[in-house]
Number of protein chains: 2
Amino acid sequence: MSECKVDLALEAIVGKWKHKILFQMINNDKMRFNELKRSIPNITQKMLTSQLRELEYHDLIERKVYAQIPPKVEYSLSEHGKSLIPILHQMSEWGEKHVEHIDSIYEEVDEQA
Amino acid sequence: MSECKVDLALEAIVGKWKHKILFQMINNDKMRFNELKRSIPNITQKMLTSQLRELEYHDLIERKVYAQIPPKVEYSLSEHGKSLIPILHQMSEWGEKHVEHIDSIYEEVDEQA
DNA sequence: CTGTATCCGTGATGATACTG
DNA sequence: CAGTATCATCACGGATACAG
């Protein structure tokens, strides 16, 4: 197991927005730009664009442009991108357990008002 | 699968240094502060300290202080931290495949001088 | 609709010096 | 040895305006 390769895996999915984009793509086969934008609260056009470009560069997603007016662009997971799904799932599960664990440590006993 | 939980998992391992620290801990049962510092190139004391504190806060590592002069502090993976190992492994494997895949796409055909 | 371009504030990171 | 404290920097991300 070489530690430096984790950097590369992380690069692919971190960045505050990337995994959110990926999750949308997992749940929806094809998504258009504004559809993605609407589905991800608070993301700006700039961020969505740049993150999509990076995901595309890493061949995690595919970008299909329809030559028409008004423009239409569809994004979808690439085959390579789909290989990330198990990891995303595992991280999601671990994250869930993690919250519970943390909650049980830093008990919120001040819920009653 | 809830997407927001991934945030929490990611929080635990990203940050440019955290996963490197975790990997050191995986490979060495107990590590002292300077030992960690030496094993992670270019990390500053400040960064190492802050990242260790965060890992400790999330109960991924344990910090054992020996009351002696000179000071001695040992860091080790907590039980909860060990539950991250499979994910780190998976990410490492995926990272490896990912590099190969990317290389095959952006072919380096300019290796001959 | 799907972007680019620009400007700007903030937080994360780094360098360095100091401390118990 | 194992940190803290302080200052400087710089990329990241946000807001806004513009464009094909």
Side-chain angles (χ1 to χ4, degrees), chain A residues 3-4 6-8 10-25 28-58 60-77, chain B residues 3-4 6-8 10-25 28-58 60-77:
Chain A
E3 157 261 316
C4 72
V6 178
D7 276 322
L8 296 153
L10 282 173
E11 255 192 55
I13 55 180
V14 304
K16 181 167 185 181
W17 298 114
K18 274 177 191 162
H19 64 278
K20 298 188 191 240
I21 296 174
L22 289 172
F23 265 97
Q24 290 301 322
M25 306 269 220
N28 306 273
D29 238 38
K30 296 180 178 304
M31 293 192 80
R32 300 184 57 177
F33 186 85
N34 272 346
E35 193 181 357
L36 271 168
K37 181 157 165 29
R38 278 192 305 271
S39 71
I40 302 173
N42 299 325
I43 196 171
T44 60
Q45 283 191 333
K46 176 187 173 181
M47 279 303 104
L48 183 53
T49 302
S50 70
Q51 303 291 291
L52 284 170
R53 290 295 177 278
E54 287 181 33
L55 290 170
E56 192 191 358
Y57 177 82
H58 289 292
L60 298 175
I61 63 172
E62 272 157 16
R63 179 168 181 267
K64 181 164 187 185
V65 182
Y66 294 84
Q68 60 181 50
I69 304 293
K72 174 179 175 180
V73 179
E74 275 180 352
Y75 293 93
S76 57
L77 275 186
Chain B
E3 157 262 315
C4 71
V6 178
D7 277 321
L8 296 153
L10 281 173
E11 255 192 56
I13 54 179
V14 304
K16 182 168 187 182
W17 297 113
K18 275 179 192 162
H19 66 278
K20 298 187 192 244
I21 297 175
L22 290 172
F23 265 97
Q24 290 301 323
M25 306 268 219
N28 305 273
D29 237 39
K30 296 180 178 304
M31 293 192 81
R32 300 184 57 175
F33 186 85
N34 274 346
E35 193 181 357
L36 270 167
K37 181 157 165 29
R38 279 192 304 271
S39 72
I40 303 173
N42 299 323
I43 196 170
T44 60
Q45 284 190 333
K46 176 185 171 181
M47 277 303 104
L48 183 52
T49 302
S50 71
Q51 303 292 290
L52 284 170
R53 291 293 177 279
E54 287 181 35
L55 290 170
E56 192 190 357
Y57 178 82
H58 287 295
L60 297 176
I61 65 173
E62 272 156 16
R63 179 169 181 266
K64 181 163 187 184
V65 182
Y66 294 84
Q68 61 181 51
I69 302 295
K72 174 177 174 182
V73 180
E74 276 180 353
Y75 293 93
S76 58
L77 276 186

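Just so we're clear, the structure is a prediction, and the values are computed from it rather than from any experiment. Proteins come first, then strands; the chains are lettered A, B, ... in the order of their sequence lines, and each starts at number 1.
Rounding to whole angstrom units, CD of residue Glu74(B) and P of dC1(D) are separated by 14 Å. In this entry the distance linking CG of Leu52(A) with P of dT2(C) reads 11 Å, nearest Å. To the nearest angstrom, C1' of dA15(D) lies 11 Å from NZ of Lys37(A). Between the CG atom of Leu36(B) and the P atom of dA2(D) there is a distance of 9 Å, rounded to whole Å. The CG-C1' distance, from Leu48(A) to dC12(D), rounds to 16 Å in whole Å. Atoms CD1 (Ile21(A)) and C1' (dG13(D)) sit 13 Å apart, rounded to a whole Å. We find that CD of Glu54(A) is positioned 11 Å from C1' of dC12(D), with the value rounded to whole Å. Regarding Lys64(A), its NZ atom lies at a distance of 20 Å from the C1' atom of dG3(C), rounded to whole Å.
The side chain of Arg53(A) contributes no N or O atom lying less than 4.0 Å from OP1 or OP2 of dT2(C). OP1 or OP2 of dT2(C) lies within a sub-4.0 Å distance of a side-chain N or O belonging to Arg32(A). Remark: Arg38(B) is not in phosphate contact with dA2(D), judged by side-chain N or O atoms under 4.0 Å from OP1 or OP2.
In this structure, Lys18(B) contributes its side chain and Glu11(B) its backbone to a donor-acceptor pair below 3.5 Å. Glu35(B) places a side-chain N or O within 3.5 Å of a backbone atom of Arg32(B) that can act as its donor or acceptor partner.
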Taking protein heavy atoms under 4.0 Å as touching, what does nucleotides 14-20 of chain C look like 5' to 3' if B marks base contact, S marks sugar-phosphate-only contact and - marks none? BB----B
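Between Tyr66(B) and Val73(B), every side-chain heavy-atom pair lies at or beyond the 4.5 Å cut-off. With contacts defined as side-chain heavy-atom distances shorter than 4.5 Å, the pair Asn28(A)/Met31(A) qualifies. In this structure, Leu52(A) and Leu36(A) have side chains that are in contact, with non-hydrogen atoms separated by less than 4.5 Å.
Among the heavy atoms of the strands lying under 4.0 Å from Lys72(B) are primed sugar atoms or P, OP1, OP2 only; no base atom is included. Nucleic acid contact for Tyr75(B): sugar-phosphate only, since backbone atoms but no base atoms lie under 4.0 Å from a heavy atom of the residue.
Looking at Tyr75(B) and Glu62(B), their side chains never bring a donor and an acceptor atom within 3.5 Å of each other.
Between Lys16(B) and Asp7(A), no side-chain nitrogen of the basic residue sits less than 4.0 Å from a carboxylate oxygen of the acidic one, so the salt-bridge criterion is not met.
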